[in-house]
Amino acid sequence: MSLEQEQFEQRFARIREIEALGFRPYGQRFEFTHTVPQVLADYAAKTAEEIDAAHPEVRVAGRVLTIRRMGKAGFMHLQGAGEKLQVYIKKDALTESEFALYKLLDLGDVIGVEGYLFRTRTGELSVHVEKLTFLSKNLMGLPEKFHGLEDVEIRYRQRYLDLIANPEVQTVFRTRAKVVGSLRRQLEERGFIEVETPMMQSLYGGAAARPFVTHHNTLDIDLFLRIAPELYLKRLISGGMERVFEINRSFRNEGVSTRHNPEFTMLEFYQSYTDYRGMMHLTCELLKQLAIDATGSPVVEFQGQQLDFGSVRRYSVREAVVEFWQGPDKPTPEQVRDAAWLASKSGKATPGEQLMDLFERHSEQALIQPTIIYEYPVEVSPLAKQNADDPTMTDRFEVFAAGMEIGNAYTELNDPNEQRRRFESQLAMRERGDDEAHQMDEDFLRALCYGMPPTGGEGLGVDRLVMLMTNSKSIRDVILFPQLRPEGEIGIAQWLREATDKPVATPAPQV
RNA sequence: GGGCCGGUAGCUCAGUGGUAGAGCAUCUGACUUUUAAUCAGAGGGUCGUGGGUUCGAGACCCACCCGGCUCACCA
């Protein structure tokens with residue numbers, strides 16, 4: 001038997017010992033007066049004299065993180081809501097069964113304590129425990145206290161253990177909630193209505209990506225997990241819901257990387273009677289307030305850089321290719337408009353695709369500061385309205401920061417016949433083997449035929465925004481359960497089975 | 001999918017072809033304001049998996065599994 005399983009069985013046997021002392025090893029309601037963060041917020045700034053004078057009584061619950069036993073006394077750190085509070089146990093202050101319980105405690109057990117606050121000789125705020133209760137048994141070994149849990153595979157697979165061992169991870173996900181809350185609140189304040197549209201779709205669209213396929217048994221049809229909510233949200237705009245947004249998952253059947261998870265959270269919002277210029281203005285307001293709500297400042301530190309979301313730069317794609325050109329042969333503004341020059345620099349099929357190829361190869365990774373890049377070629381923008389002066393371009397922009405694309409917006413194409421032509425040209429690309437080209441969506445065309453108001457629309461990558469706000473290098477660090485290959489046999493059910501059958505090895509200690 | 005790196009005790013890691021190690025954790029004992037508590041002792045290994053080379057493999061070779069970084073892919 002492995003050491004780990006022996007420890008499991010030792011701890012399992014303690015369940016009986018805890019019961020023998022008159023405590024319940026699981027499932028007791030605990031009426032607390034403070035959470036750990038509340039105790040710290042209320043008393044961390046107070047002096048020992050102030051605390052002694054007030055003699056505050058608290059009841060707090062938490063997980064035992066450390067134990068320093070010293071004979072008839074001892075100290076423990078309890079972790080609650082991601083923060084730590086020290087408690088002091090003294091034999092004289094407890095009943096005999098409570099002190100026996102204390103001696104049985106394992107790291108990771110969840111307990112409740114009641115007592116008064118004081119400062120120790122070294123000044124640490126602590127609870128002088130007068131009553132000890134048991135709330136839940138930990139049967140597992142915990143990671144080492146100094147280094148914690150660093151193995152990223154275990155951290156992602158067993159996020160519960162990561163959250164116990166690395167409480168700062170909780171702050172990442174608290175910030176994530178602030179990001180989502182900030183976006184939701186800001187849009188609601190501007191009259192946007194939150195909606196939910198199908199994630200299982202019989203036709204997929206709204207982006208260039210390969211989908212996941214699933215199957216409905218009783219309908220006996222294959223369905224696609226959506227790659228974007230766009231086409232459904234625009235149906236709502238056609239129907240007269242003038243400002244709508246959706247924050248939820250989309251799914252793309254692509255490689256995984258530090259910036260891509262197969263399922264990811266996107267915010268899409270659509271506003272009738274505006275255009276991409278209006279969306280630029282709104283984007284700048286949203287991002288600035290988002291940074292303030294998430295981090296307290298419009299200037300955010302990310303991987304050693306200071307990103308200023310209070311001032312977003314703007315360049316056209318062509319300007320960006322010139323401005324951020326990497327390497328020799330920096331082009332002139334005239335050259336990036338010249339089809340022959342573009343064809344000489346890129347192997348792509350059309351001038352528009354060639355321009356985007358150069359932008360992605362040369363300029364994208366240089367866009368560290370938050371930047372809006374506008375005017376995208378029509379070939380790569382099948383759902384965006386053409387520019388009134390230059391029909392090869394669309395009224396579209398993307399937002400970049402830290403070298404990542406974080407948003408994409410445009411004046412929505414609302415001419416059904418032009419949309420029909422774009423779909424047909426996408427079908428032609430599909431015929432040529434592009435399996436990410438759009439499908440024809442006739443119901444969407446029909447919705448446009450009823451007249452969709454001029455509209456500005458945008459999608460923001462929420463996970464990537466959270467990366468920026470939490471200084472996280474990998475998207476997996478801002479997704480609680482990132483996609484991994486399935487784990488092999490775990491075997492914990494067998495451990496529980498064997499531990500159940502085992503007779504109690506050691507009798508409960510005398511109290 | 002390609003390239004590179006990694007997988008050794010529960011955790012964090014050493015281990016240069018020759019008896020598998022350390023710290024923490026665990027177990028036993030001491031200790032009534034400690035804090036990476038301390039002190040004394042003990043137990044704990046499918047060296048990712050499977051082949052191969054060798055008198056001898058944790059180490060070298062091959063294949064595979066899992067993960068990371070990176071490139072490709074991803075408007």
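Per chain, numbering begins at 1; letters A, B, ... match sequence-line order.
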Tell which nucleotide pairs with [N], taking only Watson-Crick or G-U wobble pairs whose two distances are both under 3.5 angstrom.
N     : answer
B:C4  : B:G68
B:C74 : none
B:A63 : B:U49
B:G41 : B:C27

[X] side chain: which of [options] is closest?
X        : options             : answer
A:Leu484 : B:U34, B:G68, B:G43 : B:G68
A:Phe75  : B:A75, B:G67, B:U34 : B:U34
A:Tyr376 : B:U33, B:A75, B:C27 : B:A75
A:Ser126 : B:A75, B:A36, B:U34 : B:U34
A:His260 : B:C74, B:C11, B:A75 : B:C74
A:Glu144 : B:C11, B:U26, B:A75 : B:C11

Over 60° means perpendicular and under 30° means parallel, so tell me whether [X] and [Y] are parallel, tilted or perpendicular.
X        : Y        : result
A:Tyr116 : A:His128 : parallel
A:Tyr276 : A:Tyr374 : tilted
A:Phe12  : A:Phe8   : parallel

Any base atoms under 4.0 Å from [X], or only sugar-phosphate, or nothing? Heavy atoms, all strands.
X        : value
A:Gly461 : nothing
A:Gly148 : sugar-phosphate
A:Arg361 : nothing
A:Asp151 : sugar-phosphate
A:Arg157 : sugar-phosphate
A:Phe8   : nothing
A:Glu405 : nothing
A:Met70  : base
A:Gln10  : sugar-phosphate
A:Ile89  : nothing
A:Glu436 : sugar-phosphate
A:Ala165 : nothing
A:His128 : nothing

Roughly, in whole Å, what's the span from [atom1] in [X] to [atom2] in [N]?
X        : N     : atom1 : atom2 : value
A:Lys90  : B:C31 : NZ    : C1'   : 15 Å
A:Ile490 : B:G48 : CD1   : C1'   : 16 Å
A:Asp357 : B:C73 : CG    : C1'   : 14 Å
A:Leu367 : B:A75 : CG    : C1'   : 15 Å
A:Arg259 : B:C69 : CZ    : P     : 11 Å
A:Met76  : B:A37 : CE    : C1'   : 15 Å
A:Arg68  : B:A25 : CZ    : P     : 11 Å
A:Glu4   : B:U8  : CD    : C1'   : 15 Å

Mind checking the [atom1] distance from [N] to [M]? Whole angstroms is fine.
N     : M     : atom1 : answer
B:G1  : B:A14 : C1'   : 35 Å
B:C47 : B:C11 : P     : 15 Å
B:G43 : B:U28 : P     : 15 Å
B:G7  : B:G58 : C1'   : 12 Å
B:U19 : B:G23 : C1'   : 23 Å
B:G45 : B:G10 : C1'   : 12 Å
B:A42 : B:C55 : P     : 39 Å
B:C69 : B:C64 : P     : 22 Å

Give a yes/no on whether any side-chain N or O of [X] is located under 4.0 angstrom from OP1 or OP2 of [N].
X        : N     : value
A:Arg485 : B:C66 : yes
A:Thr258 : B:U70 : yes
A:Lys145 : B:C11 : no
A:Arg476 : B:C69 : yes
A:Arg69  : B:U32 : no

Nearest heavy-atom approach of A:Ile368 to A:Arg313 is N-NH2, 4.4 Å

Is the base of B:U26 touched by the side chain of A:Glu6 through a donor-acceptor pair closer than 3.5 angstrom?
-> no

Per nearest nucleotide of RNA chain B, the residue lying toward the 5' end, A:Glu150 or A:Ile67, is A:Glu150

Residue closer to the 5' end of RNA chain B, A:Val380 versus A:Ser474 (nearest nucleotide) = A:Ser474

Any donor-acceptor pair under 3.5 Å linking the side-chain atoms of [Y] with those of [X]?
X        : Y        : value
A:Gln5   : A:Ser2   : no
A:Gln10  : A:Glu6   : no
A:Arg361 : A:Ser346 : no

Establish, for the pair A:Arg396 and A:Tyr376, whether the NZ or CZ atom is under 6.0 angstrom from the six-membered ring centre and no further than 45 degrees off its axis.
-> yes

Between A:Tyr232 and A:Arg226, is there a cation-pi geometry (under 6.0 Å to ring centre, at most 45° from the normal)?
-> no

Under 3.5 Å donor-acceptor, A:Arg69 side chain and A:Gly74 backbone | no

